Amino acid sequence: MKMRLSFFSQVCAVVKSIPKGKITTYGIVARLVDTKDSRRIGHALHANRDPNCPCHRVVFKDGSLAPGYAFGGPKEQRFRLEKEGVGFKASGKVDLVNHLWNESLSLAI
DNA sequence: TTCCTGACTTTAC
DNA sequence: AGTAAAGCCAGGA
């Protein structure tokens, strides 16, 4: 079947739509690209690792960062988030309560 | 083309 | 509470 846009392209589009200083989870992104599997989101980003894709804004539902961030490691990812104003908890997890990008905001896409 | 892997999430013990 | 297994599908070899 013919796919006009690669799965990565869809994921990338959604990730780029995330406002600066906000974050979202793989599950939410998965829903935005009309899928049920969150693993593909991470897979897509990891396989493509496009520098234009702010994948550092995509985290686990738990708030933890990706274990295999391809841009310089998880610490680099955390640094980028902090730089954008995203707060972290003592557990090393991102503050989902104050920075989670709500799925409803995606209606603009 | 087929087969295997994977940056997840959820449910169950 | 933490640990284990299942399920889903697109890429890469």
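Below, chain A is the first sequence line, B the second, and so on; all start at residue 1. These numbers were taken from a predicted model, which means no experiment stands behind them.
- Under a hydrophobic clustering in which Ile, Leu, Val, Met, Phe, Trp and Tyr are joined whenever their side-chain heavy atoms come within less than 4.5 Å, directly or via other members, A:Phe60 and A:Val29 fall into different clusters.
- Considering only residues two or more places apart in sequence or on other chains, A:Phe71 meets the ring pair (Phe, Tyr, Trp, His ring centres under 6.0 Å) condition with A:Tyr69.
- Under the 3.5 Å distance criterion, with hydrogens and angles disregarded, no donor-acceptor pair is assigned to the side chains of A:His56 and A:Glu76.
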| request: Would you give a per-nucleotide map of nucleotides 6-13 of chain B, 5' to 3', where B means the base has a protein non-hydrogen atom under 4.0 Å away, S means only the sugar-phosphate does, and - means neither? | output: BBBSS---

Donor-acceptor pairs under 3.5 Å, side chain of residues 86-93 of chain A to any protein atom, not counting sequence neighbours: which ones?
residue : atom : partner : partner atom : Å
A:Lys93 : NZ   : A:Asp62 : OD1          : 3.4
A:Lys93 : NZ   : A:Asp62 : OD2          : 2.7

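- Rounded to whole Å, atom P of C:dG11 lies 11 Å from atom CG of A:Leu5.
- Nearer the 5' end of DNA chain C, as judged by each residue's closest nucleotide, is the contact made by A:Lys36, out of A:Phe8 and A:Lys36.
- Using a 4.0 Å cut-off between charged nitrogen and carboxylate oxygen, A:Arg57 and A:Glu84 count as a salt-bridge pair.
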